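Report on the structure given below.
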Amino acid sequence: MKDYLDHELRALLAETDGVPADFEPEFSTPAQPEHGDLATNAAMQLARHLRRAPRQIAADVVTALQARVDPKRIAAIEVAGPGFINFRFADTYLTDALATLLEAGDDYGRTNVGQGQTALVEYVSANPTGPLTVGHGRNAVLGDTFANLLEWTGYDVTREYYFNDAGRQMRVLGESVRARYLALVDPNLPTKHIGDDTPVEVPQPFPEDGYLGGYISDIAQALFDEHGEALADTDDIAPFKKAAQEAIFAEIEATMRRLGIEMDTYFNEHSLYESNKVWDVLEALRDKGYVYEADGATWFKTTAFGKEQDTVLVKSSGEPTYRLPDIAYHADKCERGYAQMVDIFGADHIATYPDVLKGVEVLGHDPSKIEVVIYQFVTLVRGGQQVKMSTRKATYETLDDLMDEVTPDVTRFFFLMRSPNTHLEFDLDLAKEASDKNPVYYLQYAHARVSSIMRKAEEVGFSFGEAPDLSLLVHESEAALIKELLHFPEILQKASEAKEPHRVANYLRDVAVAFSQFYRDCHIVGEARPLATARMNLAKAAQIVLRNGLTVLGISAPERM
RNA sequence: GCCCCCGUAGCUCAGUAGGAUAGAGCAACGGUUUCCUAAACCGUAGGUCGCAGGUUCGAAUCCUGCCGGGGGCACCA
């Protein structure tokens, strides 16, 4: 409808003197229902160009539009306030649109703005050094939902997990496992205490910055069960590293499965070394004049892009910092030809990604195709107290622990109900409250309620087999619900473009509210057959939107609660 | 010191890329079940949109400066 009016208004303005050629009318849905179903501020914006009062312009536009607009779609056009032009939809438009919605069913809401272009969403991307934390959870759920949104808006999406199993972290991980293993082999192995505030007793060979989580001991135990003492004689940490990586990755994948996440591709940073890509990229950057040597290290001239300091790409030890492989990785993504790439980072990466984008740009790729979403930190609150989290120390709450407490549906919803760039306060007490206070249940309950109504309606003899006469849906609550449902495709589009899934969550609440009002005012059982049939179909339409919306968010839509 | 995010009701947050009377959930108070799921619904109360300027027909929204909270500024990842 917006497109239709936009088209008509543009055609009209094109014939009007004084209207700039690049003028783009804006439409919005008024907050007050009495202001109509759609409004444009075009007359106010044109006032300056035309040197006339906004209301005068609006009056002329309304007269001209009334002559050319299809009365089956637009029932009324009027001037209001300081010069708004308000449009009121015709009932026939609403019923036609509702019929289209019902026909689309599970596909309602899908649009084709992406036109089948490829998109890559990279998310989670945690190195296999331990179980996923709550912080990873926000990343995972956001990334997965962006991927869903891109799919629903017509993109061909690849979900990718980037990881590094070769760095210092992994070495420390292997050493941590080895130390635990050696203690199993020799129970009398001397111990020591590490940690500042709350010292922990560990076996003597344990690295100072080792991983203290209980899962390390589990992995060591598994190795001991399988190999006995056979691994004790060698200093080689490779078998420990390998065992740890495999065990941890298996756990990470299991955690992601619980959240409904399945990756298409895993990209190992190591492959960038095997293919020599890292060094090729370094030389390419050098050729462009952005790389120099100093103090034994190799530097990236980031001051050329307005940064205060240059950045090290290769340490004097000859080992690259992570920034170089990051640039190589993103260059690789660009070369794979995706029309759009999305990265999801925690707030602690905020200072580093501009270097990567600049690097990619210097290499001749278009950095505007890469969209970086930065999400702020998650704070867990329990009993009004903040829960501390740290990966290395064993004090963190894992994502699995969280899902054990509050279910995967609630976990996903809480991560999605707020804008990514605000700090997220995750109130465990509220989330665990498996009842009235919890917003996710409100949506699921509305969905289950529709199912219940439809079961009941069929029990008393009404049927979806009959063609409904949707023009009978003239009650205020019916019209309001239909209008709300028709916003769905646009909501998905905007949420996808802006990478703001909370818009979908908020919208679904509005749908549930509109449905509740319809439920209150308009009964089905007990009504005459034609009206009951029409209302059944409207209820079904509401269910379609709720279910499709929840599907985009990755949350289940139960038939019964 | 520099960079990023945030500051809206008692609490947690929305506010549709500048629009009409700033909204929701929770908490508080009151009401609604012979009637399709009360995990629901209806109502009351609660605000100088951090502060001060500026831009214009019009600012919670854009610009500048302060104040406050969080995060980041390694030859760590």
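The structure displayed is predicted, hence computed values, not measured ones. A, B, ... follow the sequence lines: proteins, then strands. Residue 1 opens every chain.
- As a whole-Å value, the separation of Glu208(A) CD from C76(B) P is 19 Å.
- The side chain of Asn421(A) lies closest to C5(B) when the candidates are C5(B), A77(B), A39(B).
- Here the separation of C26(B) from C41(B), taken at their P atoms, is 9 Å to the nearest Å.
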#### Entry: Pair Phe415(A)-Phe426(A), ring-ring contact (aromatic ring centres under 6.0 Å, His included): steps then yes or no
CA-CA 8 Å; Phe415(A) 282 142; Phe426(A) 198 120; 5.6 Å; yes
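- Across every strand in view, G25(B) sits in a pair with C11(B) that passes the Watson-Crick or G-U test at under 3.5 angstrom.
- Within 4.0 Å of Ala80(A), counting heavy atoms only, lies at least one base atom of the nucleic acid.
- Checked against side-chain contact (heavy atoms from CB on, under 4.5 Å), Ala328(A) has the following partners two or more places apart in sequence or in another chain: Leu272(A), Lys277(A), Val278(A), Val281(A).
- Contact annotation for Lys307(A): no contact, since no heavy-atom pair falls under 4.0 Å across all strands.
- The residue Ala39(A) sits close to a base: some heavy atom pair falls under 4.0 Å.
- Within 90° of 0 lies the glycosidic angle of U33(B), which makes this nucleotide syn.
- Between Phe488(A) and Trp152(A), the ring planes lie perpendicular to each other; the angle is over 60°, past the 30° to 60° tilted range.
- Looking at heavy-atom distances under 4.0 Å, Arg509(A) makes contact with sugar-phosphate atoms alone, never a base.
- The residue Ser419(A) sits close only to the backbone: its heavy atoms come under 4.0 Å of sugar-phosphate atoms, none of a base.
- Along RNA chain B, the nucleotide nearest to Met417(A) and the one nearest to Arg449(A) differ in position, and the one closer to the 5' end is contacted by Met417(A).
- Going from the C1' atom of C42(B) to that of U33(B) covers 14 Å, rounded to whole Å.
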#### Entry: Contact letters for nucleotides 68-75 of chain B, in which S counts primed atoms plus P, OP1 and OP2 and B counts the base, heavy atoms under 4.0 Å
--SSS--B
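- Between Phe305(A) and Phe300(A), a ring centre-to-centre spacing shorter than 6.0 Å is recorded.
- Across all strands shown, Gln517(A) has heavy atoms under 4.0 Å from sugar-phosphate atoms exclusively, and none from any base.
- Residue Asn86(A) is classed as a base contact, given a heavy-atom separation below 4.0 Å to a base.
- Counting only heavy atoms from C-beta on, Arg168(A) has its side chain closest to C76(B) among C76(B), C41(B), C35(B).
- The same atom, C1', is picked in U48(B) and in C3(B); the two are 32 Å apart, to the nearest Å.
- Between His35(A) and U21(B) there is no side-chain N or O to OP1 or OP2 distance below 4.0 Å.
- Heavy atoms of Asn506(A) sit under 4.0 angstrom from primed sugar atoms or phosphate atoms, though from no base atom.
- At the phosphate of G15(B), neither OP1 nor OP2 sits under 4.0 Å from any side-chain N or O atom of Tyr507(A).
- Of the side-chain N and O atoms in Arg520(A), one or more sit less than 4.0 angstrom from OP1 or OP2 of C42(B).
- With U16(B), A14(B), C35(B) as the candidates, the nucleotide lying closest to the side chain of Lys494(A) is U16(B).
- Residues satisfying the side-chain contact (heavy atoms from CB on, under 4.5 Å) test with Ser271(A), not counting sequence neighbours, are Phe267(A), Glu274(A).
- The His502(A) side chain lies nearest to A14(B) when the options are A38(B), U21(B), A14(B).
- For Tyr519(A), the listed nucleotide lying nearest its side chain is U37(B); candidates were C35(B), U37(B), G15(B).
- Atom-to-atom, CG of Asn268(A) to C1' of A77(B) comes out at 15 Å; the value is rounded to the nearest Å.
- Rounded to an integer number of Å, the gap from NZ of Lys499(A) to P of U16(B) is 18 Å.
- For Arg449(A) and Tyr519(A), the positive end sits near the middle of the six-membered ring, less than 6.0 Å away and at most 45° from its axis.
- A20(B) atom P lies 13 Å from atom CD of Glu26(A), rounded to whole Å.
- The glycosidic torsion of A38(B) lies more than 90° away from 0, placing the base in the anti range.
- Side-chain atoms of Tyr445(A) and base atoms of A40(B) include no donor and acceptor less than 3.5 Å apart.
- By the 30° and 60° cut-offs, the orientation of the rings of Phe249(A) relative to Phe163(A) is perpendicular.
- Across the P atoms, G71(B) and G31(B) are found 46 Å apart, a figure rounded to whole Å.
- Ion pairing of Glu500(A) with Lys494(A) is absent here, as no side-chain N (NZ or NE/NH1/NH2) approaches a carboxylate O to less than 4.0 Å.
- As judged by a 4.0 angstrom heavy-atom cut-off over every strand, Arg418(A) is placed among the base-contacting residues.
- Between the CG atom of Asp326(A) and the NE2 atom of His330(A) there is a distance of 6.5 Å, given to the nearest 0.5 Å.
- Between the CD1 atom of Ile374(A) and the C1' atom of C3(B) there is a distance of 12 Å, given to the nearest Å.
- Positionally, the nearest nucleotide of RNA chain B for Ile85(A) lies more toward the 5' end than for the other of Ala512(A) and Ile85(A).
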### Task
Check the pair Lys2(A), Glu26(A) against salt bridge (charged side-chain N to carboxylate O under 4.0 Å, His left out), reporting the backbone distance first and the verdict last.
CA-CA 9 Å; Lys2(A) 190 179 280 190; Glu26(A) 287 171 24; over 6 Å; no
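- In this entry the distance linking CZ of Phe345(A) with P of C4(B) reads 18 Å, nearest Å.
- Two residues are said to be in side-chain contact when any heavy atoms from C-beta on lie closer than 4.5 Å; Gln543(A) and Met454(A) meet this criterion.
- Taking only side-chain nitrogens and oxygens, Thr422(A) never comes nearer than 4.0 Å to OP1 or OP2 of C5(B).
- Across all strands, Glu559(A) comes closer than 4.0 Å to base atoms (heavy-atom distances).
- A40(B) atom P lies 10 Å from atom CG of Asn438(A), rounded to whole Å.
- Residue Ala448(A) is in base contact, counting any heavy-atom pair closer than 4.0 Å across all strands shown.
- Nucleotides C5(B) and A52(B), compared at atom C1', are 23 Å apart to the nearest Å.
- Separating the C1' atom of A14(B) from that of G25(B) is a span of 10 Å, rounded to the nearest Å.
- A salt bridge is absent between Arg55(A) and Asp60(A); no separation between the charged side-chain nitrogens and carboxylate oxygens falls under 4.0 Å.
- When distances run from any side-chain atom of Met44(A) to the nucleotides U37(B), C36(B), C57(B), the shortest one goes to C57(B).
- As rounded to whole Å, 13 Å separates atom P of C57(B) from atom CD1 of Ile57(A).
- Residue ring and base: Phe84(A) counts as stacked with A20(B) (centre distance below 5.5 Å, interplanar angle below 30°).
- Atom C1' of A9(B) sits at a distance of 27 Å from the matching atom of G53(B), rounded to the whole Å.
- The P atoms of A17(B) and C57(B) are separated by 23 Å, rounded to the nearest whole Å.
- Of the candidate nucleotides A77(B), G23(B), A40(B), A40(B) has the atom lying nearest to any side-chain atom of Ser516(A).
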